[in-house]
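Counting starts at 1 for both ligands and their atoms, in listed order. Quick caveat, the model's predicted, so the values are computed rather than measured. Values reported hereafter were calculated over all heavy atoms of this structure, with side chains retained and with hydrogens, waters and symmetry mates removed.
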Amino acid sequence: MAPRKTASTSSRKTAAKPAKKDFTGGTIADFSKEDDLKAYREMLLIRRFEEKAGQLYGMGFIGGFCHLYIGQEAVVVGMQLALKEGDQVITGYRDHGHMLACGMSARGVMAELTGRRGGLSKGKGGSMHMFSKEKHFYGGHGIVGAQVSLGTGLAFANKYRGNDNVSLAYFGDGAANQGQVYESFNMAALWKLPVIYIIENNRYAMGTAVSRASAQTDFSQRGASFNIPGFQVDGMDVRAVKAAADEAVEHCRSGKGPIILEMQTYRYRGHSMSDPAKYRSKDEVQKMRSEHDPIEQVRARLLENKWASEDDLKQIDKDVRDIVADSADFAQADPEPDASELYTDILL
Ligand SMILES: Cc1ncc(C[n+]2csc(CCOP(=O)(O)OP(=O)(O)O)c2C)c(N)n1
Ligand SMILES: [Mg+2]
């Protein structure tokens, strides 16, 4: 029997206003001036922060791995707009954007990257290992796919405790081929756990294109054998992400179990700082940047609707740059942890 599509992208509807269609056939949320300004500011903060982190890495201030999120900003910002206090987020190693979107401080993230005391893990975790109980952010994980099982566990805890929190487990197109993802899908569907699986399909896993590694390249259908519904979303358009997020959150909170959102997105930079990205053409990257950039889309809309002037946008840019510059200064001036801290905050 042919595999059944658990949900088709074309049948997706929102309770919101008249539906505008994005290229995936999904709906696009109607954004107010305030929504667009908020999305613009938050995406710009992530972009500028990541650019600065890249610079500090080049100057030798950041050791170890560092994976930048530039290009994918609309995914995490759009998802976050649909959450309420108490909802949880967990992701892999490309995590700085998720932390900033969760409200963790730029200083705390940057100082962790440089391994300083004021970092969110006291300078002992680095880029891939930061957490904030207060902001409900559970990492930061270097083992590809591990966060999917942990995120499912968070959903299990929510169900067990009888609260209405939803957990968001982000992972990549490469991680989507890991075995533990499907063990997690099975349990999440069996126990109707309130978890949103967000597959950030940025088209590559390190240097491997999706088509070279995946038998099923429609990631929204990866839950089909567990009857987990899934949708493809234009992950470069923050309004499309928000519309999908609203539906997914409603689905989970109303007790219907897990749901999958495949975010079609793109990373502009290499996999990590040491990747010369020879597996794709410069034209491919340039085309995405010039035709689909998530921040430019909002910027153009703000100007076109006269919701902001060039001067207003310059002011936002300056505010964001100030926050990032302050975080970078702090991350260079703050002392390193004392050697006595080697044996604290660890499980022996
Ligand atoms: C279990 C495991 N296998 C392999 C790796 C090495 N590795 C690190 S990132 C990565 C690619 C993952 O790509 P994807 O899930 O698409 O995420 P993206 O980097 O594109 O965000 C691999 C294979 C690892 N860290 N963990
Ligand atoms: Mg990928």
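Ring geometry for Phe185 against Tyr197 counts as tilted: the plane angle lies between 30° and 60°, on a 0 to 90° scale. Ring-plane geometry between Tyr279 and Tyr204 is classed as tilted, the angle between the planes lying from 30 to 60 degrees on a 0 to 90 degree scale. Between Tyr170 and His98, the ring planes are perpendicular. Angles over 60° get that label, and only those under 30° would be called parallel.
Regarding atom 15 (O) of ligand 1, its nearest protein heavy-atom neighbour is Ala175 N, 2.8 Å. Shortest contact from atom 16 (O) of ligand 1 to any protein heavy atom: Gly174 N, 2.9 Å. Protein heavy atom closest to atom 26 (N) of ligand 1, with residue, atom name and distance, is Val144 N, 3.1 Å. Of the protein's non-hydrogen atoms, the one nearest atom 25 (N) of ligand 1 is Gly142 O, 2.9 Å.
For ligand 1, the atoms sitting less than 4.0 Å from at least one non-hydrogen atom of Gly172 are 14 (P), 15 (O), 16 (O), 17 (O), numbered in the order shown with element in parentheses. The distance from ligand 1 to the heavy atoms of His271 drops below 4.0 Å at these ligand atoms: 9 (S), 19 (O). Each of the atoms 18 (P), 19 (O), 21 (O) of ligand 1 lies under 4.0 Å from some heavy atom of Arg94. Close approach of ligand 1 to Asn202 is summarised as follows: ligand atoms under 4.0 Å from at least one heavy atom of the residue are 18 (P), 20 (O), 21 (O).
Ligand 1 is approached by Gln178 to a heavy-atom distance shorter than 4.0 Å. At least one heavy atom of Met206 lies less than 4.0 angstrom from ligand 1.
With a heavy-atom cut-off of 4.0 Å, Glu200 does not touch ligand 1 at all.
Residue contacts to the Mg ion (ligand 2): Asn201 brings no N, O or S atom closer than 2.8 Å. For the Mg ion (ligand 2), the set of nearby N, O or S atoms under 2.8 Å includes one belonging to Asp173.
With the Mg ion (ligand 2) as the vertex, atom O of Tyr204 and atom OD1 of Asn202 span an angle of 80° (nearest 10 degrees).
A donor-acceptor pair shorter than 3.5 Å can be found between the side chains of Gln232 and Asp218. A side-chain donor from one of Ser32 and Asp35 sits under 3.5 Å from a side-chain acceptor of the other. Between Asp311 and Gln315, the side chains place no donor N or O within less than 3.5 Å of an acceptor N or O (distance only, hydrogens not considered). Gln216 and Gln221 are not linked by any side-chain donor-acceptor pair at a separation below 3.5 angstrom, with hydrogens and angles left out of the test.
Atoms CG and OG1, on Leu150 and Thr91 in that order, are 11.5 Å from each other to the nearest 0.5 Å.
Ion pairing between Glu341 and Lys122 fails under the 4.0 Å rule for side-chain N and carboxylate O.
Taking the six-membered ring where the residue is Trp, the centroids of Phe65 and Tyr93 are separated by 6.0 Å or more.
Between atom 9 (S) of ligand 1 and the options Tyr93, Phe65, Phe171, Tyr69, the minimum heavy-atom separation is to Tyr93.
Residue Ile143 places no N or O, backbone or side chain, under 3.5 Å from any N or O of ligand 1.
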